[in-house]
Each structure stands twice: as structure tokens, then as C-alpha cells.
Number of protein chains: 2
Amino acid sequence: MQISSRFTVALHIFTCVDTFKDEHKVTSDFLAASINTNPVIIRKILTQLKNAGLINVIRGTGGIELTRDLKDITFYDVYQAIEPLEDGDLFRFHESPNPECPVGRNIHSLLDDKLKSIQEAMESEMKKYTLNDLRSGMQELLANEA
Amino acid sequence: MQISSRFTVALHIFTCVDTFKDEHKVTSDFLAASINTNPVIIRKILTQLKNAGLINVIRGTGGIELTRDLKDITFYDVYQAIEPLEDGDLFRFHESPNPECPVGRNIHSLLDDKLKSIQEAMESEMKKYTLNDLRSGMQELLANEA
DNA sequence: ACCATTGCAACTACATCTGTCACGAAGTAA
DNA sequence: TTACTTCGTGACAGATGTAGTTGCAATGGT
């Protein structure tokens, strides 16, 4: 299964907030236009980011403020906020292998640490990137455009 | 989204084939009993593994034979056989960011390499484990049982 | 009071996952 | 040939998740 587009949408949101915060009021409508989706989709994602403590959303006026410095929010933080994994496990395991089968009753012991190391390889790579990388990367891309 | 249990089922299948190949005829019914699911589920997964060129499935008599040595089949090979990723991308990207928005038209350039490196971190960890590790691990677990 | 905006529930449409049934195709053995 | 076992596959159901949409109450600034 692919990781849902909510993750890339969330990164898009953060990039917009940083890029436009001094020029525009960054509302869910504004974001929806840039991302090309529905404002309600944006609000649902904003709610997830808010529940994870990454942002505050301002009602009435509209607008988004980060609760931490850009360099202190990693891709992993965003991923954790956005993707609800059952028990935190990337790999779904078949429910009830047969305990009367020698393989069935040992398959979890056999696989669990290996699956975990794969998941951790992915997550630790995610921790290498921060929102500050998005800022500097986008500034560079925009400079090349001009 | 979690990775489907078909992946752990496939690893369970390979472990059973190796563990029981000299004692039992390893049929889809036999495997279904160990995994505690339906034989048709097993057959569908066997079809995927066969299409990927990892195994041959024998009709009539029943049975499964590997096309390569255990050490030459990695978790990644199994994962690729089992999980059909659209365009091979782990991360789904929102379809059509707005090209009139500076962020919208650059978001792909900004994110693509970062997402790819995360995916590759996971995949290269998967390549570290082979079916031979499953054999030796299971033999050790069974020895501890006795 | 008015207005813009967020929060949220309800709903649709669609896809995927797991499981199940039915039946034809392939292969073995009497 | 016939009988038997097993695989291959299409069709389907139920549960869950995704993405999108509508409507409206709640919030907060002017």
C-alpha cells in the first residue's frame, strides 16, 4: 500500500505557510487552491497537525503558526501526525497463525525484529529532513525561476 | 497505510516450504492451516510469487519449488512480488498542484528526491534479509523449543 | 451586527484487503 | 478411461480507508 497523499499535502502546506506568510493570509481556501483540492481536506489535515502539537490554527482571521522552529520539525514528525498506524507497526501481520504448527507459533519471533529494523530504516531517514530543508530548497527553486 | 499482511503471509509460506518440504506435501491447504486463513488466499499469493519468477507451483500433486537458492531471494524480492506500487512509488503524491502557484509548480522538484531517499532507505534494508535468514532463524527457534 | 474563517458531521464514490464459494484446468494414479 | 487431488481464477461480500463535497454551527476580528 502506498502512503496516502495527505503526507505530501501536509508538506505542501508547510511550504506554503513559510513561503507566503508575509504576503498573504494563508487560509484553508488559499492552500486548497495551491494544492488543488477541497478546503475541507486541508482543514482535516490541519486538525491532525494541530492535534500532534505542530501548529496552531487561528479561527476567524485565519492563518497558521508553527509551535516550533522549522529546523525542529522533521518529516517524521509530520508523518507521525498524519498516518495513523495500528500499534505503530508499518507491517500488518496476519492475525492468528496456528499455534499447533511449529512455524505458526514461531513466525512472530522470527519476523518481528527484522520488520522493525526495516521500519526503523525508513523512519530514521525521515528524521533527517526538516521543514527548514523545505524552506531553503524552495527558496533556491524560486531563485532559479527568476 | 500499513503494508498488507500478504507480505508476512508470503514469508510464512517460504518458511513453511523450507521447514516441511521433506516431511509433508506443502499444499495450499496445508499452508492455509498453518497461517490460519483460506487456501484461496494462499493460492493468490502463490500466483504473485510465481509471476515474479520466485517459485514454481506444481499442480495435481501439489508442492512448491524455489527457482533460486534461499540466499538469493531477499525480503525485497518478496515485497516487490507482493505489493503492487503505482509507478513504484511508496509515497502517493497529490495529483495536480496548481502550476500558477510558485509553490505548486515546484513542490515536486522539492520533494521527489527526499521521498525517494526515504523509500530507498527502506528498500535497501529489505535487501539485507534473505530467505536463508528465515531458515537459520527458524531452525534456531525450533532447536530452543526442543 | 456582519463577515471571514475554522470545526465538524454526514454523505458519496471509489479502491483495496481479506475472506468465501464455485467450478474449470491440470496432473497423478488406479 | 476414471477417479482423485490440487491449482487457477472469476465473482462476490463485508470491512476499512481515501478523497472529495455539502451544509451549518462556532469562533473571532472589524
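A note on names: the letters A, B, ... follow the listed sequences, proteins ahead of strands, and every chain is numbered from 1.
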Open item on the list: Please classify the nucleic acid contact of A:Lys44 as base, sugar-phosphate, or nothing, using heavy-atom distances under 4.0 Å.
Closed with: base
Task: Heavy-atom check, side chain of B:Tyr79 versus side chain of B:Lys127, under 4.5 Å - done: no
TODO: Figure out the CG/P separation between B:Asn38 and D:dC12, and round it to whole Å.
DONE: 18 Å
Open item on the list: Can you work out whether A:Val40 or A:Glu83 has the more 5'-proximal nearest nucleotide on DNA chain D?
Closed with: A:Glu83
- [ ] Take the protein atom CG of B:Asn56 and the nucleotide atom P of C:dA26, then report the distance between them rounded to whole Å.
- [x] 16 Å
Open item on the list: Any base atoms under 4.0 Å from B:Val57, or only sugar-phosphate, or nothing? Heavy atoms, all strands.
Closed with: sugar-phosphate
Open item on the list: Tell me whether the side-chain N/O atoms of A:Thr47 come closer than 4.0 Å to OP1 or OP2 in C:dT6.
Closed with: no
Task: OP1 or OP2 of C:dT18 under 4.0 Å from side-chain N/O of B:Ser4 - done: yes
- [ ] Please work out if B:Leu46 contacts a base, only the sugar-phosphate, or nothing of the nucleic acid, heavy-atom cut-off 4.0 Å.
- [x] nothing
Task: Side-chain ion pair, B:Asp18 and B:Lys21, N-O less than 4.0 Å - done: yes
Task: B:Arg6 CZ to C:dT18 C1', straight-line distance once rounded to whole Å - done: 9 Å
- [ ] Answer yes when A:Arg68 and A:Asp77 have at least one side-chain N-carboxylate O distance shorter than 4.0 Å, and no when they do not.
- [x] yes
Open item on the list: Whole angstroms only, please: what is the CD1-P distance between A:Ile45 and D:dG20?
Closed with: 9 Å
Task: Most 5' of A:Ser28 and A:Met1 on DNA chain C, judged by nearest nucleotide - done: A:Ser28
TODO: Classify the side chain of A:Arg59 and the base of D:dT27 as holding, or not holding, a donor-acceptor pair under 3.5 Å.
DONE: no
Task: Where B:Thr19 and B:Leu142 come nearest, the two heavy atoms and their spacing - done: CG2-CD1, 4.1 Å
TODO: Compare side-chain N and O positions of A:Lys50 against OP1 and OP2 of C:dT6 and report whether any pair is under 4.0 Å apart.
DONE: no
TODO: For B:Leu31 and D:dT5, give me the distance from atom CG to atom P, rounded to whole Å.
DONE: 18 Å
